[in-house]
Amino acid sequence: RSYLSRRFREETGISIMQYIVSVRMEKAKELLEKGNSVKQTARLVGYGDQFAFSKMYKKFYGISPNETK
């Protein structure tokens, strides 16, 4: 596990978790722009808690998911 994490960071410059979050957020933005609700988008990208999703989205993009349309 630590070997994989270290190699991933060496190759990409980011952690595996940062990569996963970026993939989720890119997909979330796409879904929101297509008109999905925040609640539905959170669930579709793997967040069980809409609040946690909104917080991460705002941290990632600097705007709330409701502002993305």
Side-chain angles (χ1 to χ4, degrees):
R1 179 190 224 171
S2 63
Y3 173 76
L4 175 62
S5 294
R6 188 173 59 252
R7 290 289 298 146
F8 189 89
R9 184 180 292 274
E10 287 171 2
E11 293 295 320
T12 64
I14 61 172
S15 72
I16 292 172
M17 277 310 299
Q18 288 171 316
Y19 175 75
I20 291 169
V21 167
S22 70
V23 170
R24 284 172 142 183
M25 292 299 110
E26 288 170 16
K27 183 63 177 177
K29 186 175 184 183
E30 178 184 316
L31 291 167
L32 290 167
E33 287 173 344
K34 288 182 178 179
N36 288 301
S37 70
V38 174
K39 184 176 183 177
Q40 183 180 31
T41 299
R43 187 178 47 79
L44 289 171
V45 297
Y47 284 86
D49 180 12
Q50 181 180 340
F51 178 73
F53 165 73
S54 294
K55 189 174 176 180
M56 182 59 72
Y57 191 92
K58 184 162 185 146
K59 182 178 177 182
F60 193 83
Y61 285 113
I63 60 171
S64 75
N66 288 323
E67 295 176 83
T68 303
K69 295 291 175 182

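Residue numbers run from 1 in the order of the sequence given. Just the heavy atoms: all of them, side chains too, but no hydrogens, waters or symmetry mates, feed the values below.
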Task: Qualifying ring-ring contact (aromatic ring centres under 6.0 Å, His included) pairs with a residue from residues 13-38, counting only residues at least two apart or across chains - done: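 For residues 13-38, and leaving out neighbouring residues, the ring-ring contact (aromatic ring centres under 6.0 Å, His included) pairs sorted by first residue read Phe8-Tyr19.
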Distance from [X] atom [atom1] to [Y] atom [atom2], nearest 0.5 Å?
X     : Y     : atom1 : atom2 : result
Thr68 : Lys58 : OG1   : NZ    : 10.5 Å
Arg7  : Ser2  : CZ    : OG    : 12.5 Å
Asp49 : Lys39 : CG    : NZ    : 11.0 Å

Please report the closest heavy-atom contact between [X] and [Y], naming both atoms and the distance.
X     : Y     : result
Val38 : Ser54 : CG1-OG, 3.8 Å
Ser15 : Arg9  : CB-NH2, 3.2 Å
Val21 : Met56 : CG1-SD, 3.8 Å

- [ ] With sequence neighbours left out, write down each residue that passes side chain to side chain donor-acceptor pair (under 3.5 Å) with Gln40, or none if nothing qualifies.
- [x]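 If we apply the side chain to side chain donor-acceptor pair (under 3.5 Å) test to Gln40, skipping adjacent residues, there are no hits.
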Task: ring-ring contact (aromatic ring centres under 6.0 Å, His included) partners for Phe53, two or more places apart - done: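 Result, ring-ring contact (aromatic ring centres under 6.0 Å, His included) vs Phe53: Tyr47, Tyr57.
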- [ ] Quick one: list whatever passes side chain to side chain contact (heavy atoms under 4.5 Å, CB included) with Lys55, sequence neighbours left out.
- [x]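 Applying side chain to side chain contact (heavy atoms under 4.5 Å, CB included) to Lys55 gives Phe51.
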- [ ] Kindly write out the residues that satisfy salt bridge (Lys or Arg N to Asp or Glu O under 4.0 Å) with Arg43, not counting sequence neighbours, or none if the list is empty.
- [x]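 So Arg43 forms no salt bridge (Lys or Arg N to Asp or Glu O under 4.0 Å) with any residue.
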N/O donor-acceptor pairs under 3.5 Å from side chains in residues 25-34, not counting sequence neighbours:
unit_1 : atom_1 : unit_2 : atom_2 : d
Lys27  : NZ     : Glu30  : OE2    : 3.2

